Structures are given as C-alpha cells and as structure tokens.
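The structure presented is a predicted model; accordingly, all values stated were derived computationally and were not measured.
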Amino acid sequence: MKPKYQVPTNQRLSDTRIARLSEKLNEASDLSKVKQVRTYFKPYFTDRLIQQIIEQEGLHFKEMNFDMNTATVNYASNTSAMLIQSYIPGNILTGELHYVFDREAHIIYANGAWKVDKVSDHLRQIPNMSLEPDLQ
C-alpha cells in the first residue's frame, strides 16, 4: 500500500465540508428536486462533474443516502483527496449474503475550495454474518 500523504491541518477538509459534500452527493442522485442544477451544485462540484450529472440525469446511487459517519478521506496531495463512503443495504443480522456499496469521490482543491471532481461506485460482497458456526 502507498503511504498516506500528510496534508497540513489548515489545508485539510473540515468535518463541515465533508458533511456538506456528502449531502450534495446524496442530493445529486435525484435531480427532480433541483431547479438550477449548475447553480445549485457549483459551490460543491467541478463543472466536469456537474455536466456528467446532467447527462446521466443524476448519480447512480438513487435511494442510498450515504452517512457522513462512514466517510474516510485519503489525501494524494495538497490539492487532491479521495472521499470514501460505504452503504450496507438490508439487515446484516440475517446471516444471508450481504453487499456493501462503496462510493468514491475524487476531490480537488481549486480556486480556494475543495470540490468533487469525479465519482465512482463499487458493489462488493461481505462474508456470511451468521452467528452460528459453520458445521460442515
């Protein structure tokens, strides 16, 4: 693994900014409530991401509200970071197959603000969470 880049405290994303970016990413999955998409998201997203959101008619993770408490930020430089959040759909206590949906937001620092530039998502399976031991 690559070592994490150490960003000076005064240049890091604040908890408030992380929460706001997470909130706006959640909102970008359903554009029906947003009248002026470009104007509304401009303080939070780059023009490239806003264009992609308009073309796709929203981000792919509809009905999934990622919680700010699941956010992890990894810095690649003073001007680049990755915000990673996970969402576990369903009840994790049933012992059935479960999945984790990860959202990765590439964030850049430009013109005095941290903004989301790209977003990707990944679905992964997690092991059986059964409380009983496997007797096979």
Side-chain angles (χ1 to χ4, degrees):
M1 291 184 73
K2 291 195 282 185
K4 292 182 181 178
Y5 186 84
Q6 296 298 320
V7 174
T9 304
N10 63 343
Q11 291 179 277
R12 291 181 180 210
L13 282 150
S14 68
D15 288 344
T16 303
R17 187 64 176 176
I18 293 169
R20 183 65 64 174
L21 293 176
S22 178
E23 174 187 311
K24 296 307 173 187
L25 285 166
N26 288 338
E27 291 177 16
S29 66
D30 181 7
L31 298 182
S32 65
K33 298 173 186 163
V34 180
K35 294 184 185 213
Q36 296 292 326
V37 174
R38 286 188 196 284
T39 304
Y40 185 74
F41 290 118
K42 188 153 185 70
Y44 313 101
F45 303 158
T46 63
D47 290 337
R48 175 169 71 165
L49 180 59
I50 293 170
Q51 185 61 38
Q52 178 185 351
I53 290 168
I54 291 169
E55 289 172 5
Q56 293 177 355
E57 297 178 359
L59 294 175
H60 295 282
F61 10 86
K62 290 179 179 17
E63 299 175 17
M64 290 187 205
N65 283 316
F66 289 83
D67 189 333
M68 192 282 200
N69 295 325
T70 67
T72 301
V73 178
N74 296 320
Y75 293 90
S77 71
N78 285 353
T79 59
S80 177
M82 183 71 71
L83 172 66
I84 303 166
Q85 295 177 284
S86 298
Y87 177 85
I88 302 173
N91 181 350
I92 62 172
L93 299 176
T94 63
E96 300 168 3
L97 291 178
H98 295 283
Y99 298 90
V100 176
F101 193 80
D102 297 313
R103 174 171 74 188
E104 297 178 355
H106 182 256
I107 302 172
I108 60 170
Y109 188 81
N111 300 321
W114 286 99
K115 292 185 177 189
V116 180
D117 185 49
K118 292 187 265 185
V119 180
S120 61
D121 53 72
H122 308 281
L123 184 65
R124 60 186 163 94
Q125 183 178 332
I126 57 175
N128 186 319
M129 301 299 286
S130 174
L131 299 177
E132 296 182 24
D134 187 6
L135 301 175
Q136 294 179 338

State plainly whether one hydrophobic cluster holds both Leu59 and Tyr40, where clusters connect Ile, Leu, Val, Met, Phe, Trp and Tyr through side-chain heavy atoms under 4.5 angstrom apart.
yes
Applying salt bridge (charged side-chain N to carboxylate O under 4.0 Å, His left out), can you list everything that pairs with Arg48, at least two apart in sequence or on another chain?
Asp117
For the student: nearest non-hydrogen atoms of Arg17 and Ala113, plus distance:
NH2-CB, 4.3 Å
For Ile18 and Val73: C-alpha separation, side-chain torsions, deciding distance, then whether side-chain contact (heavy atoms from CB on, under 4.5 Å) applies.
CA-CA 9 Å; Ile18 293 169; Val73 178; 3.6 Å; yes
Would you check, one step at a time, whether the test side-chain contact (heavy atoms from CB on, under 4.5 Å) holds for Arg103 with Asn26?
CA-CA 10 Å; Arg103 174 171 74 188; Asn26 288 338; 3.0 Å; yes
For Glu23, give me all partners under salt bridge (charged side-chain N to carboxylate O under 4.0 Å, His left out), at least two apart in sequence or on another chain.
Arg20
Taking the side chain as C-beta and beyond, is there a heavy-atom pair between Tyr87 and Asp102 under 4.5 Å?
no
Sole residue of Leu25, Ile108, Leu83 in side chain to side chain contact (heavy atoms under 4.5 Å, CB included) with Val116:
Leu25
May I ask you to decide if Gln11's main-chain N or O and Trp114's side chain share a donor-acceptor pair within less than 3.5 Å?
yes
Under a 4.5 Å cut-off applied to non-hydrogen side-chain atoms, are Tyr109 and Lys115 in contact?
no
Do Ile84 and Val119 sit in one hydrophobic cluster, given that two such residues count as connected whenever their side-chain heavy atoms are within less than 4.5 Å of each other, even indirectly?
no
Check for me, please, whether Phe101 and Met82 land in the same ILVMFWY cluster - side-chain distances under 4.5 Å, paths through other members count.
no
Taken to the nearest 0.5 Å, the spacing of Ser86 OG from His122 NE2 works out to 10.5 Å
Could you tell me the separation between the CZ atom of Phe45 and the CD atom of Gln52, rounded to the nearest 0.5 Å?
10.5 Å
Nearest heavy-atom contact between Leu31 and Gly58 is CD1-N, 3.5 Å
With sequence neighbours left out, write down each residue that passes salt bridge (charged side-chain N to carboxylate O under 4.0 Å, His left out) with Lys24, or none if nothing qualifies.
Glu27
Can Lys42 and Asp47 be counted as an ion pair, charged N to O under 4.0 angstrom?
yes
Verify side-chain contact (heavy atoms from CB on, under 4.5 Å) between Gln85 and Glu104, making sure each step is shown before the conclusion.
CA-CA 7 Å; Gln85 295 177 284; Glu104 297 178 355; over 6 Å; no
